[in-house]
Each structure stands twice: as structure tokens, then as C-alpha cells.
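Following: one structure in C-alpha cells, then a few remarks.
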Amino acid sequence: MPIKAPRGTYDILPPNSRNWQAMEQSLKEVAGLYGYQEIRTPIFEHTELFERGVGEGTDIVSKEMYTFFDKSGRSLTLRPEMTASCARALIEHSLHTGLLPVKWFYYGPMFRYDRPQSGRYRQFHQFGVEVFGSTSPMVDAEVLMMVVHMLQAIGLSEYRLHINSVGCPSCRESYRQALLAFIDPFSKELCPDCQQRVQQNPLRVLDCKEERCRQAIKGHPRLLDHLCSNCAEHYQRVCHTLLSHNICFEHDDQLVRGLDYYTNTAFEIHIPGIGAQSAVGGGGRYNGLVKAIEGPDLPGIGFALGMERLLLALEQQGTVNRGNGGVEVFVAVMEAQYEEEAVIILQQLRAAGISADKDYMDRKAKAQMKYADKSRAALVLFVGADEVKQGFVTVRNMIDKEQVAIPRVDLVPAITKLLHHNEEAQAQ
RNA sequence: GUGGGUGUAGCUCAGUUGGUUAGAGUACCAGAUUGUGGCUCUGGGGGUCGUGGGUUCGAGUCCCAUCACCCACCCCA
């Protein structure tokens with residue numbers, strides 16, 4: 001049995017890898033426009049970091065972590081997300097004592113032991129940002145505007161932005177009371193899962209998909225109505241700013257985050273039509289997180305985008321870039337004895353910044369031409385007896401089929417010129 | 001963790017009520033006279049039919065198990 005990639009993992013092969021590169025580049029560029037800088041953290045961390053930073057009660061921690069013991073018995077875990085790692089790095093390097101806010105972006109693989117399905121893998125990739133140190137609603141707005149900017153930058157025009165405010169622990173507690181009082185009479189009509197949720201995290205009942213639960217909670221009190229004046233104003237200012245910048249969004253009462261350190265703004269981006277897992281991104285404010293992992297009382301906000309789902313959406317909306325990924329120049333060797341001469345030419349071209357390749361399969365001239373064609377080379381250089389003896393190379397333009405002899409001494413400038421000429425012709 | 005679907009060449013798939021050396025297209029390689037591509041033609045390599053059992057004179061075809069993939073639930077990106 002040949003070894004295959006582990007369940008829920010996969011290879012990103014060329015030419016598809018180019019789509020990834022393009023998307024990564026676009027996202028990084030936009031992050032740069034907003035003043036975010038890249039942070040890279042370890043792929044694994046102490047298990048305890050995620051237990052406290054993500055939350056013991058979450059599915060991620062209770063059943064989805066790749067946890068292992070190293071040779072000295074430490075419990076380590078492959079990161080299931082990166083916010084906790086960012087918070088840890090912030091604390092570890094005492095960056096909160098420096099220039100605030102700290103604005104980071106990150107990109108990389110995350111790991112969750114889930115059952116794979118469309119748009120869900122065990123190793124998946126996220127691009128995300130985190131801002132630490134500011135409670136300004138303008139930061140919430142900036143982050144949201146940046147998400148929208150990023151979607152546009154990678155070519156996604158159809159998406160839905162849902163936002164809500166989960167308030168602060170105190171207004172959430174008052175809402176909790178109100179919600180419990182409302183649900184209590186109907187609690188027996190709820191599904192078994194929700195019976196549990198009522199005990200542990202009543203807010204979660206709101207986004208249950210079971211029909212009977214949706215019926216039972218019709219007319220439930222709204223979180224928005226229970227926000228304290230500070231939280232209400234915060235949310236208002238976020239919404240106001242988005243509106244004044246023509247950002248389309250919808251307020252979503254059902255959008256909730258369970259854990260105590262989530263505060264105020266919460267949001268998700270959905271793209272219909274990419275399967276059941278339609279959330280391509282999500283995030284929110286977490287003013288209590290840094291303190292929860294024994295750091296200073298520092299506010300934060302962030303979001304993450306799922307690369308796999310963005311790519312699904314791009315494929316579905318038909319805007320995937322299909323770049324050629326080939327080489328500019330192919331050097332064809334007519335007789336094996338001139339191979340070393342060809343290598344000299346190759347290195348000369350490459351040193352001048354021109355991508356170039358040759359045959360390494362001992363192919364004959366005709367087969368080398370086929371290979372050059374498939375490599376999408378714009379020019380083919382022939383190196384044979386006449387060329388070497390007389391000090392020139394024959395250059396064939398693969399687009400217009402014209403061939404010219406170029407003296408070896410003029411090679412690089414002449415090739416540069418021909419490539420440039422081709423580019424202009426193709427642009428027209 | 002639960003449910004449904006699918007597993008035959010690198011890829012996309014045929015394979016008739018179980019019956020000889022398992023096929024096609026595509027991709028790859030090589031030819032169609034001399035140092036030259038995209039089209040066409042010819043030929044070639046490549047499969048323990050996911051894996052392991054079982055039924056049978058005989059199984060890619062039937063039964064069981066297992067693994068993987070796909071989709072959905074839970075939940076999330």
C-alpha cells in the first residue's frame with residue numbers, strides 16, 4: 001500500500017499553487033495598506049495555551065485538538081487557530097509596554113481533528129489579523145473595512161457580512177437572565193442539544209437550526225436591547241462608520257460567541273453556494289482574552305479568513321487566475337556534445353533575470369520543441385554545431401515562428417528586447 | 001462521534017444475468033527520412049480491479065469487514 005496524505009490533508013500542486021500564491025499576495029498587500037505587519041509563531045504550542053485561550057468549553061478544545069506529548073513529556077498541541085498564539089507572543093515579549101496598538105497579520109496552516117467535508121480539512125489555512133491595545137470602535141470599523149477590501153482584492157464580489165454585538169460581560173449577563181426567563185416555559189420543547197445549551201451557554205440556543213427550537217424561541221428578547229450604554233454606543237459607532245463608507249452588512253441577532261472574553265463586535269462573512277460550510281471568515285472583539293491567559297488587561301480584535309473556502313468561492317464565481325507558470329526561454333541542444341555550452345547560456349540568462357530551462361531527458365530536437373511548447377516558453381534558443389563554431393545562437397520566436405541569428409556577445413540584451421517585444425504584442 | 005454515497009490505468013470513466021490474456025478517452029514516451037512545437041496518423045509502457053476475508057468449478061461483477069474519498073449533521077475557517 002503506497003503511503004497517502006493523511007485524512008483531511010492534501011497537496012497543493014502546480015499549477016494550482018499559483019492561485020494560492022496570488023491570493024496570499026493580495027491579502028498581504030491589503031494588510032500592508034492598513035499598516036499591519038506579519039507575525040509568525042510556532043505551529044505547536046503548549047496545550048494549556050489553547051485550553052485557556054480558546055476555551056475549555058469549546059468544541060475545538062474538547063474534541064478537535066491534535067495534542068501529543070514530546071519526548072520529555074510536555075503536552076503540546078498543533079495550533080487550531082492563531083489568536084491565542086498572538087496573545088501569547090504579545091505577553092511573552094511585553095509588547096503591550098511599547099507602541100500601541102499592535103497590528104499584526106498572519107498566514108499559515110491550522111489543525112483541527114474534524115470530520116472532513118466540503119470546505120473543511122484537518123490541516124487548513126487561515127489568513128488573519130489581530131489588533132491589540134485599542135478599544136476604539138474605529139478599529140472595529142477598520143478591521144471590517146479591511147475584510148471587505150481583501151475580498152474585493154482577491155476578486156470576490158458576492159458575499160454577506162453579518163455583524164452583531166455581544167456586549168460586555170455585564171450586559172451579557174443581564175441578557176442571559178432575560179433570555180433564560182423567556183425560554184424557561186418552553187424549555188421542554190427544545191431539542192436535546194439545546195436542553196444542554198440552556199444549562200451551559202443559553203446564547204447558543206439562538207443559532208440552533210432545529211425547526212422546533214426556532215419556533216420555540218420566536219420573539220425572544222434581543223441582545224441589542226440589553227446592551228449597556230457603553231456597548232450600545234460602541235456598536236452604533238461601528239455600524240455608522242460602515243454605513244458612511246458604503247459597506248454592506250446585515251445585523252444578525254443570532255450571531256453569538258460563547259466565551260466570556262468575547263466582547264462587543266462579532267462578525268462572519270458568508271458566501272452562499274460553496275456548500276454547507278459557507279463561512280469564509282469570522283472574527284470579533286475579545287477584550288478579555290489577554291487577561292485570561294495571564295497577561296495585562298489589554299483589549300483586542302481580530303478575524304480569520306479560510307483559504308480553502310475562499311478558493312472554493314473563487315472557483316465558483318469563476319474568477320480564478322490561471323497563469324501559465326512556464327518559463328520565458330527554452331534552450332534546445334541539437335547535439336549532446338553542446339550540452340555544456342547550453343548550460344553556460346542558461347546561467348547567463350538566469351543571472352540576467354530571464355527565466356530559462358533546458359531538456360534533462362536526453363530528448364531529440366523535435367521532442368525538445370514539444371517540451372518547450374508545453375512549458376509555454378516564448379523563445380527557443382538552438383545550440384548546435386553551426387552556432388557553437390560560429391559564435392551565435394538561433395532564436396525562434398514561438399509566437400510568430402520567426403527565427404533570427406544572434407551573436408553570443410549580444411545575447412542577453414537581444415533576448416531581453418525580444419521578450420519585451422512579445423509582451424507588448426500580447427498586450428494588444 | 002453519527003448518517004448517506006462512491007472506490008477499475010496518472011486523470012475521467014466503460015465493463016453486459018458472476019465465465020477465457022480487464023477496455024476506451026486523455027496524459028506520458030517513441031515513430032511518420034536529414035537540427036525545430038501546437039493538428040493528424042501509427043505504435044508503446046502503465047492496473048495485485050482500495051484492502052482483507054467469504055460464497056462459487058470460476059468474482060471487477062455477489063456477501064461481510066476494513067480503509068480512504070465525497071456529501072451532510074455537530075461545530076467551525
Side-chain angles (χ1 to χ4, degrees), chain A residues 1-10 13 54-55 57-64 79-83 107-128 147 191-194 196-197 201 204 207-210 255 257-258 267-271 274-283 302-313 330-338 359 361-388 393-403:
Chain A
M1 259 313 246
I3 298 171
K4 300 201 293 184
R7 176 157 213 208
T9 69
Y10 61 99
L13 303 171
V54 178
T58 61
D59 279 19
I60 291 177
V61 171
S62 64
K63 56 183 196 188
E64 294 173 3
R79 63 186 188 198
E81 53 111 62
M82 246 184 77
T83 302
Y107 173 72
M110 308 295 156
F111 306 83
R112 291 184 203 173
Y113 189 86
D114 253 9
R115 194 86 179 252
Q117 74 184 76
S118 183
R120 174 194 286 161
Y121 298 90
R122 290 184 171 181
Q123 173 173 344
F124 61 103
H125 299 78
Q126 286 188 333
F127 183 97
V147 175
C191 70
D193 284 342
C194 281
Q196 283 285 319
R197 292 183 180 119
N201 185 4
R204 280 240 161 266
D207 61 5
C208 181
K209 280 121 201 152
E210 290 265 346
L255 179 56
R257 294 272 129 121
F267 62 93
E268 277 179 9
I269 302 116
H270 287 266
I271 297 196
I274 61 167
Q277 309 305 324
S278 64
V280 297
F303 71 82
L305 293 168
M307 295 295 112
E308 284 77 5
R309 292 181 189 176
L310 289 177
L311 242 358
L312 273 181
F330 186 87
V331 179
V333 182
M334 299 332 246
E335 283 130 272
Q337 56 184 304
Y338 304 118
D359 169 63
M361 299 302 289
D362 293 324
R363 277 184 263 248
K364 293 161 69 172
K366 191 185 181 94
Q368 288 187 56
M369 283 301 286
K370 282 191 181 180
Y371 185 83
D373 191 46
K374 283 167 191 160
S375 306
R376 309 190 67 163
L379 303 175
V380 172
L381 273 50
F382 294 97
V383 179
D386 295 346
E387 284 82 359
V388 173
V393 290
T394 303
V395 179
R396 179 180 178 83
N397 188 327
M398 295 296 273
I399 294 153
D400 61 22
K401 301 182 184 180
E402 286 187 19
Q403 280 186 209

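All values below come from the heavy atoms of this structure, side chains included, with hydrogens, waters and symmetry mates left out. Chain naming here is simple, since letters A, B, ... match the order of the sequence lines and numbering starts at 1 in each.
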*Compare the ring of Phe382(A) with the six-membered ring in the base of rG35(B) and state whether they stack (centres under 5.5 Å, planes under 30°).*
no
_If you assign each of Lys63(A) and Ala304(A) to its closest nucleotide in RNA chain B, which residue comes earlier from the 5' end?_
Lys63(A)
*Side-chain donor/acceptor contact of Arg120(A) with base of rC75(B) under 3.5 Å*: yes
*Between the base of rG35(B) and the side chain of Glu387(A), is there any donor-acceptor pair under 3.5 Å?*
yes
*Kindly indicate whether the side chain of Arg309(A) and the base of rC76(B) share any N or O donor-acceptor pair separated by less than 3.5 Å?*
yes
*Could you tell me whether the side chain of Gln403(A) has a donor or acceptor atom within less than 3.5 Å of a complementary atom in the base of rU36(B)?*
yes
*asked:* So Ala279(A), base contact, sugar-phosphate only, or nothing? Heavy-atom distance under 4.0 Å.
replied: sugar-phosphate
*asked:* Please classify the nucleic acid contact of Glu81(A) as base, sugar-phosphate, or nothing, using heavy-atom distances under 4.0 Å.
replied: nothing
*Classify the nucleic acid contact of Gln277(A) as base, sugar-phosphate or nothing, counting any heavy atom under 4.0 Å across all strands shown.*
base
*If you find the nucleotide of RNA chain B closest to Asp362(A) and the one closest to Lys370(A), which residue's nucleotide is nearer the 5' end?*
Asp362(A)
*Under 4.0 Å between any heavy atoms, over every strand shown, what does Tyr121(A) touch: base, sugar-phosphate, or nothing? Just pick one.*
base
*Quick one: the side chain of Arg115(A) and the base of rA72(B), do they pair up donor-acceptor inside 3.5 Å?*
no
